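It should be emphasised that the depicted structure is a prediction, and the values quoted were computed from it without experimental measurement. Note that these values count all heavy atoms, side chains included, but never hydrogens, waters or copies made by symmetry. Ligands are counted one by one from 1 in listed order, and the atoms in each one are counted from 1 as well.
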Amino acid sequence: MDLSNRDFLKLIDYTPEEIGYLIDLAARLKADKKAGTPHRWGVGKNVALIFEKTSTRTRCSFEVAASDLGMGSTYLDPTGSQIGKKESINDTARVLAGMYDGIEYRGFGQDIVEALAKYAKVPVWNGLTNEFHPTQILADFLTVKEKLGKLAGVKFAYMGDARYNMGNSLMAGCAKMGLHFVGCAPKEYFPDPALTELCRKEAEKNGGSVTLSEDTEAVRGADVVYTDVWVSMGEPESVWKERIEALSPYQVNAALMEKAGEGAIFMHCLPSFHDLNTAIGKEMGDRFGRKEMEVTDEVFESAASVVFDEAENRMHTIKAVMAATLGLVPEGYMD
Ligand code: CP
Ligand code: NVA
């Protein structure tokens, strides 16, 4: 499998075999890291990490993974660079490609990361846009494989705001890897119709399916119950009220987990509003008289919750993406 010089912008661009390879490579890298076996295959290389939105997991994953691969990294924070203010994304791409071997971008429209990739002659990795969050899905699928032993055939229920980066990317990932994706939300929060159509065709080819439903009964028999925040980064505070009203029936709570059935696992990309221990959580909690939003603290802290495994797997899977697209994986490593 040769993925060298490829960008990683959205899962729809990759074949099931390529996605499967990246997940397996991440599992191997994880096992090697746990065993203390180094893989400093990128000594002398450097990567640029552009963050126009804030991050804990994605930033730390890129930095630790780059360091484990022996590479240097430069973090460009949401305020400290010229990007977008004094310099266009096209010019930035050509400047950074002259100094770095790969570029990560987290920010707003998917068109920005696509433009960056077009103008940079080095691999570009999408660290989250409004539309897609592909590295998150690799981590989620590695976690599903670890917990359930398979991907194909798994019933994967996504609750809540299905029209944004997580809903779109999980639907695309499930369609590629033969899972049965169920998006459960009010219809205004269903994923983009054109993307849904594309994913339905992909799912058919790969033995999976895509179902969208407003009825939480659709969760029955799910192996995975997944949710994300109701208000994403970059959205105005003013939408909280309408989101709480529209999405509360889709909250992941004990009753919903019971509907999913025995053995179902709970997943969330994080960060999550499951208590009042954050500034926004507390402010919104006070304003709307609630102590939890998209998931109850009971489910978040339950034995079914695998959210911190997912978080750790961000690093192993991001390392796999960098190693593969930079052409660093030694021949025979995956034999
Ligand atoms: N899940 C995720 O992307 O987390 P961060 O926003 O902390 O990077
Ligand atoms: N939908 C969330 C995902 C965070 C990882 C956001 O865009 O803020």
Can you check salt bridge (charged side-chain N to carboxylate O under 4.0 Å, His left out) on Lys241 and Glu245, steps first, answer last? CA-CA 6 Å; Lys241 186 173 180 300; Glu245 279 166 14; 2.9 Å; yes
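- Judged purely by distance below 3.5 Å, without hydrogens or angles, the side chains of Lys33 and His39 never pair a donor atom with an acceptor atom.
- Within 6.0 Å of the NZ atom in Lys10, the count of heavy atoms belonging to other residues, nucleotides or ligands exceeds 12.
- By the 3.5 Å distance cut-off applied to N or O atoms, Arg106 is not counted among the residues near ligand 2.
- Geometrically, Arg59 engages Tyr75 in a cation-pi contact, judged by NZ or CZ lying under 6.0 Å from the ring centre and within 45° of the ring axis.
- At least one N or O atom of Thr58, backbone or side chain, sits closer than 3.5 Å to an N or O atom of ligand 1.
- Nearest protein heavy-atom contact of atom 8 (O) of ligand 2 is Met233 N, 2.9 Å.
- Between Pro271 and ligand 1, not a single N/O pair is under 3.5 Å apart.
- In this structure, Leu270 counts as a contact residue of ligand 1, since one of its heavy atoms falls inside 4.0 Å of the ligand.
- Among all protein heavy atoms, the one lying closest to atom 3 (C) of ligand 2 is Asp228 OD2, 3.7 Å.
- When the options Arg57, His133, Arg106 are ranked by their closest heavy atom to atom 6 (O) of ligand 1, first place goes to Arg106.
- Of all the heavy atoms of Leu128, the ones lying under 4.0 Å from any atom of ligand 2 belong exclusively to the side chain.
- Taking the ring centroids of Phe273 and Trp240, they lie under the 6.0 Å cut-off.
- Taking a 4.0 Å cut-off on heavy atoms, Thr58 fails to register as neighbouring ligand 2.
- For atom 2 (C) of ligand 1, the closest heavy atom belonging to the protein is Arg314 NH1, 3.2 Å.
- Residue contact check: Thr56 has heavy atoms under 4.0 Å from atoms 5 (P), 7 (O), 8 (O) of ligand 1.
- Ring centroid separation for the pair Tyr14 and Phe8 comes in under the 6.0 Å cut-off.
- For the pair Tyr164 and ligand 2, the shortest N or O to N or O distance does not fall below 3.5 Å.
- The part of Asn165 lying near ligand 2 is the side chain, judged by heavy-atom distances below 4.0 Å.
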Can Asp297 and Lys291 be said to form a salt bridge (charged side-chain N to carboxylate O under 4.0 Å, His left out), step by step? CA-CA 9 Å; Asp297 196 51; Lys291 61 180 178 43; over 6 Å; no
Audit row: Asp32, Arg28, salt bridge (charged side-chain N to carboxylate O under 4.0 Å, His left out) steps and yes/no: CA-CA 6 Å; Asp32 275 0; Arg28 176 69 205 274; 3.7 Å; yes
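- The backbone N or O of Leu9 lies less than 3.5 Å from a partner atom in the side chain of Asn126, making a donor-acceptor pair.
- Atom numbering of ligand 2 starts at 1 in the shown order; those under 4.0 Å from a heavy atom of Leu270 are 5 (C).
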